[in-house]
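Here's the structure, in structure tokens; my notes come after.
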Amino acid sequence: MSADTTTMEAMALTPLPAAATRLDGLLGQALEANRRGRLSRFITGPDSPAIAIFAPERCCDNEEGDWYGEHAGKWLVAAARAAARSGDQALRERVLAVADHLLTRQDEDGYLGNYAPARRFTVPQPPKPESWNGEPALRTWDIWTHSYLVLGLLEVHRQFGDDRHLLAARRIGDLCHRTFVERGLDITRVGNHHGMSATVLIDPVVELYFASGERRYLELAEALLAQAEAQPRLALLSRLAEGADASEIATGKAYQLCWNLVGVAKLARASGRDELRQAVERLWTNIRDHHLSLGGGPFGGIAHRSREVFNPGFVFDPTAYVETCSVLAWVQLSRELLLQTGEARYAAEIERSAYNDLLGAQAENGEDWCYYSFANGPRVHTRYWRCCKSSGAMAIEELQTLAWSRDGDALVLNLLGPGRAEIACEDGALRVAVTGDYPLQGHLQLHIEAAPANPAGLRWRIPDWAGERTVRLNGDVVETVDMRGYAGLVRRWRAGDVIELEMAMAPTLHRRRYRNIQESRAPDGSPVRQQVLRRDYVALTRGPLVYATGLIDGYKNTESVLLPEPAQSALSEAPAGRDGRVSLRLAPLHRAAIEFHPYFDLGGRVDGGWRLTWLELAPAALPPYEDDIGAM
């Protein structure tokens with residue numbers, strides 16, 4: 001059985017090629033800003049600083065052990081996709097020029113990093129005392145850089161078809177096979193966070209297997225996973241199997257852990273080891289339930305030396321960090337599980353991340369990005385070399401291939417919003433255009449522009465926030481077939497058919513709690529719990545959008561509010577303006593109403609603008625502490 005056949009049989013949904021889809025609306029605007037901004041300005045050719053660091057005279061003196069080489073591979077992935085989807089010939093030429101230049105920098109053994117020879121991942125290093133963030137014997141991001149280079153070269157080959165780029169990626173894979181399988185070097189000794197920054201190699205190695213069908217890459221991926229399991233502080237397989245909290249695996253570094261899970265999920269698909277997928281799904285659920293901001297990004301960093309680690313599962317703090325790199329890895333993990341299972345819950349989380357924490361980190365110019373986003377805090381645009389600018393650009397380019405997919409002769413809409421897609425059936429094409437002002441409003445129209453001769457399916461995701469739903473076909477209300485979180489119709493379509501979707505978008509209050517409960521035992525051995533700290537917060541959403549306000553009364557960066565009963569009565573909706581945006585008004589007791597706007601573009605998306613998502617509830621509004629003392 002070929003690698004391609006294995007891949008297809010393990011996928012419930014098949015992504016569509018870039019040429020078969022288009023995104024309009026907010027996501028389409030973000031894609032175009034990304035192409036014109038970051039992807040067209042950051043790297044313009046082999047002389048750009050992010051590529052020049054691969055020059056031999058620069059590499060021979062690079063003893064720093066840093067991660068800046070990652071930008072080349074990240075840019076290749078995102079820019080190749082942007083050039084292919086948009087037909088941007090100038091960007092395509094830059095992508096090919098950079099990829100071809102990197103090929104000239106590859107050593108005969110396959111090495112394509114930017115480290116001095118004695119610092120390369122192929123050279124064993126003497127051990128050193130363990131550090132707080134699990135750095136290896138010598139600080140290094142060499143494998144990390146190569147992982148992104150493999151993905152970048154594979155994407156260039158995928159989009160433009162030159163086998164030289166595939167061959168260069170395979171030479172990196174072959175070097176890694178010789179190093180970690182044949183020579184038996186332990187990959188966790190060349191990666192930070194107890195090896196997690198190196199074991200991300202599982203993802204590109206499995207992609208090499210998919211692209212080539214060579215089983216040695218599958219063997220390499222299995223060996224890397226076994227080494228990750230053998231590292232006591234990582235023990236990836238065991239921790240996944242026992243249902244550990246995300247914060248308890250290695251250092252709990254969100255970006256690296258999520259990327260490791262992407263690789264393990266792909267390995268499950270390639271090898272047929274369903275227990276791996278099930279284990280990844282358990283940790284995905286743990287992250288969704290305990291470690292996401294309201295805007296869908298992995299958040300944490302409270303009371304820890306690293307701002308980028310998951311908080312313990314019971315900790316909520318409105319000032320927690322959302323790293324844009326972590327949003328990328330979370331979207332990629334959700335994408336992989338969506339394609340393998342076809343379950344709408346994965347698409348729902350991608351959409352939540354996309355419309356809130358991802359768009360909320362991107363500036364309107366498509367060039368500037370927030371390294372960290374805060375539910376409560378200022379926008380802080382990061383600088384040239386920071387990782388998150390390239391990660392954000394990659395994450396934006398994931399969206400077009402995620403928005404639509406196919407399931408046999410059914411066209412499936414995963415990310416709701418304006419755009420279009422087409423699939424080829426045996427008896428003609430099914431082409432659909434989506435119009436409407438989603439996510440600002442809950443109305444969408446699906447226009448059938450071309451249809452095959454025989455019946456075909458059309459499905460769309462049912463949002464978990466949707467209230468009353470109505471579906472009309474050519475003006476008449478119809479019943480849909482609902483499955484796995486999707487609604488759909490199967491019929492013989494005609495060009496000109498129109499499906500209208502109406503979904504009630506009621507404003508919603510969300511509550512979260514910051515508290516500390518001390519646990520002990522009485523003299524008789526019975527368990528005792530006492531709550532010694534509790535602070536409750538409230539936030540607002542409407543449809544898929546999180547809402548926020550600026551500085552309270554123009555100068556306060558926090559506020560306590562006392563809400564009436566029922567609390568929902570304090571919430572109202574202002575009429576939509578010309579731009580379609582709806583504002584919300586929260587009317588607490590004893591003070592003027594507070595106006596909220598969509599989080600992603602509050603204050604014009606400018607550097608330094610404040611966004612306050614969570615307001616503290618006044619202590620007088622809290623219910624009695626019924627669980628202060630008692631049985632556990």
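Pairing each heavy atom of S197 with each of Q256, the nearest pair is CA-CG, 3.7 Å. Scanning both residues, A270 and L218, for their nearest heavy atoms gives CB-CD1, 3.7 Å. Summarising the geometry of A246 relative to L257, their closest heavy-atom pair is O-CD2, 3.5 Å, with the distance given to 0.1 Å. G110 approaches I172 most closely through the heavy-atom pair O-CG1, 3.5 Å. The two atoms that bring H146 and Y111 nearest to each other are CE1-CE1, 3.3 Å, heavy atoms only.
Donor-acceptor pairing under 3.5 Å is lacking for the side chains of W404 and N414. No side-chain donor from either of D142 and T140 sits under 3.5 Å from a side-chain acceptor of the other. A donor-acceptor pair shorter than 3.5 Å can be found between the side chains of D274 and Q278. Between the side chains of W284 and S334, at least one donor-acceptor pair of N or O atoms lies under 3.5 Å. Side-chain polar atoms of E336 and Q340 form a donor-acceptor pair below 3.5 angstrom.
Side-chain contact between T508 and H510 is present, with heavy atoms from C-beta onward closer than 4.5 Å. Counting heavy atoms from C-beta on, the side chains of W67 and C387 come closer than 4.5 Å. Two residues are said to be in side-chain contact when any heavy atoms from C-beta on lie closer than 4.5 Å; W369 and L358 meet this criterion. Put simply, the side chain of I499 does not reach to within 4.5 Å of the side chain of V478, judged on heavy atoms. Between R335 and V262 the shortest side-chain heavy-atom distance falls below 4.5 Å. Between H71 and Y148, the closest side-chain pair of non-hydrogen atoms is not below 4.5 Å. Side-chain contact between T199 and I143: absent, with no pair of heavy atoms (C-beta onward) separated by less than 4.5 Å. Using a 4.5 Å heavy-atom threshold, the side chains of M503 and Y438 count as touching.
Tested against Y255, the residues W330, F310, W144 include a single ring-ring contact (aromatic ring centres under 6.0 Å, His included) partner, W144. Of the residues S373, S293, S326, the one that meets the side chain to side chain donor-acceptor pair (under 3.5 Å) test with D357 is S293. Looking at V432, L489, V471 one by one, the single match for side-chain contact (heavy atoms from CB on, under 4.5 Å) with L446 turns out to be V432.
Residues R469 and D482 are paired through a salt bridge, judged by an N-O separation under 4.0 Å between the basic side chain and the carboxylate. A salt bridge links R81 and E155; the closest N-O separation between the charged side-chain nitrogens and carboxylate oxygens is under 4.0 Å. Between D203 and K266 there is a salt bridge, since a side-chain N of the basic residue sits under 4.0 Å from a carboxylate O of the acidic one. Comment: R484 engages D407 in a salt bridge, judged by a side-chain N to carboxylate O separation of less than 4.0 angstrom. Salt-bridge check for R178 with D109: failed, with every basic side-chain N at 4.0 Å or more from each acidic carboxylate O. Between K74 and E397 there is no salt bridge, since none of the side-chain N atoms of the basic residue sits less than 4.0 Å from a carboxylate O of the acidic one. No salt bridge links E323 with R307; every basic N to acidic carboxylate O contact stays at or beyond 4.0 Å.
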For R406 and E422: C-alpha separation, side-chain torsions, deciding distance, then whether salt bridge (charged side-chain N to carboxylate O under 4.0 Å, His left out) applies. CA-CA 9 Å; R406 73 178 298 163; E422 179 176 335; over 6 Å; no
Test side-chain contact (heavy atoms from CB on, under 4.5 Å) on V190 and T122 and set out the steps. CA-CA 9 Å; V190 289; T122 55; over 6 Å; no
Step by step, work out the side-chain contact (heavy atoms from CB on, under 4.5 Å) result for T324 and Y372. CA-CA 6 Å; T324 298; Y372 302 114; over 6 Å; no
Walk me through it: do S405 and L411 pass the test side-chain contact (heavy atoms from CB on, under 4.5 Å)? CA-CA 6 Å; S405 56; L411 185 57; over 6 Å; no
Please assess W465 against T541 for the test side-chain contact (heavy atoms from CB on, under 4.5 Å), listing each intermediate value before the final yes or no. CA-CA 10 Å; W465 50 259; T541 61; over 6 Å; no
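A distance-only check finds a donor-acceptor pair linking the side chain of Q106 to the backbone of A168 [under 3.5 Å]. Between the side chain of E351 and the main chain of P463, no donor-acceptor pair closer than 3.5 Å is present. Counting only distance, with no hydrogens or angles, the side chain of N192 and the backbone of W141 share no donor-acceptor pair below 3.5 Å. Put simply, the side chain of E248 gets close to the backbone of D245: a donor and an acceptor are under 3.5 Å apart. Distance alone, capped at 3.5 Å, places no donor-acceptor pair between the D409 side chain and the C425 backbone. Judged purely by atom type and a 3.5 angstrom limit, N356 has no side-chain atom pairing as donor or acceptor with the backbone of G296. Here the side chain of R216 pairs no donor or acceptor atom with the backbone of G173 at under 3.5 angstrom. Side chain of N311 to main chain of H290: no donor-acceptor pair is present (N/O by atom type, distance under 3.5 Å, no hydrogens or angles).
One finds the CZ atom of F316 at 5.5 Å from the CZ atom of R512 (value rounded to the nearest 0.5 Å). With rounding to the nearest 0.5 Å, the separation of CD in Q231 from CZ in R233 is 8.0 Å. The distance from the OG atom of S238 to the CD atom of E229 is 3.0 Å, given to the nearest 0.5 Å. With rounding to the nearest 0.5 angstrom, the OG1 atom of T179 is 9.5 Å from the CD1 atom of I187. Put simply, CG on L167 and CG on L153 are 10.0 Å apart, with the number rounded to the nearest 0.5 Å. How far CD of Q332 is from CG of L337: 12.0 Å, rounded to the nearest 0.5 Å.
With a 6.0 Å cutoff to the six-membered ring centre and a 45° limit on the axis angle, R491 counts as a cation-pi contact of W493.
Pairs passing the ring-ring contact (aromatic ring centres under 6.0 Å, His included) check and including a residue from residues 158-196, sequence neighbours excluded, read F121-F180. Residue pairs satisfying the ring-ring contact (aromatic ring centres under 6.0 Å, His included) criterion with at least one member in residues 217-245, sequence neighbours excluded, are absent.
Open room surrounds CZ on R189; 12 or fewer heavy atoms of other groups in view lie less than 6.0 Å from it.
Applying the side chain to side chain contact (heavy atoms under 4.5 Å, CB included) test to R164 and every residue at least two apart in sequence or in another chain returns D100, L103, D162. Under the side chain to side chain donor-acceptor pair (under 3.5 Å) criterion, S353 pairs with no residue at all, not counting sequence neighbours. Under the rule for a side chain to side chain contact (heavy atoms under 4.5 Å, CB included), the partners of T341 that lie at least two apart in sequence or sit in another chain are R277, E281, E343, Y346.
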Side-chain donor/acceptor pairs under 3.5 Å, residues 15-22, sequence neighbours excluded:
unit_1	atom_1	unit_2	atom_2	d
T21	OG1	Q400	NE2	3.2
R22	NE	D24	OD1	3.0
R22	NH2	D24	OD2	3.0

